[in-house]
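Numbered from 1 within each chain, the chains take letters A, B, ... in sequence-line order.
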Protein chains: 2
Amino acid sequence: MDKPVRPSRVTIRTVAADAGVSVAAVSKVLRNAYGVSEALRENVMQSIEKLGYRPSTAARGMRGRTFTVGVLLVGMDNPFLPPLVGGFKRTMAKAGYNTLIGVGEARTHVESALIESMIDMRIDGLLLIAPRIGGEVLERYASQVPVSVIGHHEHTVTTFDTANIDDCMGGRIATEALLAKGYRDIAMLSLIYNRRKEGQVWYERERGYRAAMTDAGLETSIEIVRIAERPEEMQPQLHELLARPDRPEAFFCWSDIHGVPLINLARRENNSVPGDLGLVSFDNTAPAALPLVDLASIDQSPDRLGALAADQLISRIKGRTDARHDLIEPSLALRPSY
Amino acid sequence: MDKPVRPSRVTIRTVAADAGVSVAAVSKVLRNAYGVSEALRENVMQSIEKLGYRPSTAARGMRGRTFTVGVLLVGMDNPFLPPLVGGFKRTMAKAGYNTLIGVGEARTHVESALIESMIDMRIDGLLLIAPRIGGEVLERYASQVPVSVIGHHEHTVTTFDTANIDDCMGGRIATEALLAKGYRDIAMLSLIYNRRKEGQVWYERERGYRAAMTDAGLETSIEIVRIAERPEEMQPQLHELLARPDRPEAFFCWSDIHGVPLINLARRENNSVPGDLGLVSFDNTAPAALPLVDLASIDQSPDRLGALAADQLISRIKGRTDARHDLIEPSLALRPSY
DNA sequence: GTGAAAGCGCTAACAC
DNA sequence: GTGTTAGCGCTTTCAC
């Protein structure tokens, strides 16, 4: 009474029997392998259709490919992710791959557990989006399965691929847009960090900001304000920032994660944006585009980025062993917030 | 050169050899089965630890449980989903289950393919969130794997479980909130549909709206405006609605999917909300809570809903065969939009 | 309490 | 061009 009753499964053997051929023949038809006559293929396909046969991914995983790839997300909350995953999925689907997603909840050990679990299911490839775990650990996983990483600049690594937008250039473009409007006292809103900053997207964006300020001869005005990521901590920090007597004229926000709450709070506290405050943000997510928000933001072409990572993964699954580290050019979604 | 080299895997046999016991013994320790001495268990655990052994989910799937469950999402865009999936994941994790997610892209055949793929991986259970496919097809899947469904009222079905908030009551609460403020000419914004309406959440919400209006003696004022879901089509329809000479005083929106764009557009076109227009929406997603939006919305307690579905699935995996159809009570997130 | 052995459904050599 | 067969890594009787 403890084991649910299931109708006995249609296996490759059922199909073989029905079509009057060997299991090897069926397997070959399934995998489009060479050495099957048109007649046999037709015959087998008919049986498959008739019996509603579907190969067991689990069993496949024990020998060859599962035709399934995994995606690891930090969390589901960032509205930047849906279009990215969409672009990835579509490209993988065209190549005949299924996509399964795991959510790491921004906790390192959950993330590792999920990655291992996917590897243990014998997925054929793995896309990691803004993983918390560092390069060395990633290399270990990359030795077990083809890996592509988005949101983590590792240009020297050879064991896995990376796809990113040029975050440094994005920071530069955003800052230069503010400079072109005449702002001079421009600060950047970035992230509080406790781990290594090299390779992090926000750090690259900081580099772009610094470069643009320096080129404009404003290195003395460079100021990076670090704000928490979790809403409860972020709000009071943003509030405090807006109340500063020496508040900068304008902010470049490393992400809409900070940018959208900031413009909301600023306007709510009767600052006109632009006017009292200039704001350019990063990621160009849906909330930034809401008419009541209307926040200028650097666009990452997330769908293209996802498709790019998919291309990398596909070619790596096919056998490529040298690394690709691709960058996409960012652009600014112009909106009247600065 | 076409096959990537992988270090040979640590299998159950490696562990058995290292610990000097049989594979059966290792398997039993792994599954906490009866009939293993404390000494043997200790011994095996040590080898597992030492070798960094992880059982292959794929191989497990061929015989027993995979300790993995699947979630099928319509799409990733709805900000209502992250907290729901979070609640589900956490409860499943406590029971020792991994959660993998598939995205159906609101297309029926993608959805079916994904469900079948997960079943073919031998997941132990399946959570379907607002599936496009109908009850009959769901029953077929439910015969292959334990299934729980959110966002689809099917109170009579016995082969799978459902977890929902009481959408009808939600519609009633929202409408009554508007009535209490003195609005009388209240319309509802709902969905254009081409498939069956029974069991759909928006239809349940419509029922609640109708009931509240009728109870208030306003059945003659009942009006349901149907709006498209895709942004490109939605925008002009909302615009047209706001421009109507006989525009109702207030709207109950079936979801923030319509509610958030509507309040944005209304204010952008210089309507004061509330004042010129009263608005109560449904789902209480993050964008509704933005200070510049500040839209009253029915809260579904998505985390509790996810946890509820997880409980259902766990008990069904354990062998329960009678159906559970649970409802959660909705509440109104009070905000000054009406 | 422990181990030997028979599969689970598939793929891929290899033989015919 | 087609079939035979040996596993893949695990679970699970059933002897001992």
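- Side-chain contact between A:Met45 and A:Glu49: absent, with no pair of heavy atoms (C-beta onward) separated by less than 4.5 Å.
- Distance from the side chain of A:Leu40 is smallest for D:dG3 among the nucleotides C:dC10, D:dG3, D:dC8.
- B:His155 and B:His325 have perpendicular rings, their planes meeting at more than 60° on a 0 to 90° scale where under 30° would count as parallel.
- Ion pair B:Arg196/B:Glu136 flagged as a salt bridge, since at least one NZ, NE, NH1 or NH2 atom sits closer than 4.0 Å to an Asp/Glu carboxylate oxygen.
- At the heavy-atom level, B:Ser56 lies under 4.0 Å from the strands shown only through sugar-phosphate atoms.
- Between the CZ atom of B:Arg65 and the P atom of D:dT12 there is a distance of 9 Å, rounded to whole Å.
- A:Lys28 has its NZ atom 11 Å from the C1' atom of C:dT11, to the nearest Å.
- What separates CZ of A:Arg60 from C1' of C:dA12 is a distance of 13 Å, to the nearest Å.
- Residue A:Arg41 contributes atom CZ, which lies 13 Å from atom C1' of D:dG1 at whole-angstrom precision.
- Contact annotation for A:Ala25: backbone-only contact, meaning every heavy-atom pair under 4.0 Å involves sugar-phosphate atoms and none involves a base.
- For the pair B:Ile12 CD1 and C:dG3 P, the interatomic distance rounds to 12 Å; values are reported in whole Å.
- Close to C:dC10, at under 4.0 Å from its OP1 or OP2, lies no side-chain N or O of A:Ser27.
- Taking atom CZ of B:Arg63 as the reference point, atom C1' of D:dT11 lies 5 Å away to the nearest angstrom.
- Both A:Val23 and A:Ser37 lie near DNA chain D, and the one whose nearest nucleotide falls closer to the 5' end is A:Ser37.
- With rounding to whole Å, A:Ile48 atom CD1 is found 10 Å from C:dC10 atom P.
- Of the candidates D:dC8, D:dC10, C:dC10, D:dC10 carries the atom nearest the B:Tyr53 side chain, counting heavy atoms from C-beta on.
- Phosphate proximity of C:dA12 to A:Arg31: present, with a side-chain N or O under 4.0 Å from OP1 or OP2.
- Of the candidates C:dA13, C:dG3, C:dC10, the closest approach to any side-chain atom of A:Ala24 belongs to C:dA13.
- Side-chain nitrogen and oxygen atoms of A:Ser22 include at least one within less than 4.0 Å of the OP1 or OP2 phosphate oxygen of D:dG3.
- Using a cutoff of 4.0 Å between basic side-chain nitrogens and carboxylate oxygens, B:Arg54 and A:Glu116 are scored as salt-bridged.
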Derivation and outcome, salt bridge (Lys or Arg N to Asp or Glu O under 4.0 Å), residues A:Arg90 and B:Glu105:
CA-CA 10 Å; A:Arg90 275 189 292 279; B:Glu105 299 167 15; 5.5 Å; no
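- Whole-Å rounding puts the A:Met62 CE to D:dC10 C1' distance at 6 Å.
- For the pair B:Ala59 and B:Glu38, both in contact range of DNA chain C, the more 5′-proximal nearest nucleotide belongs to B:Glu38.
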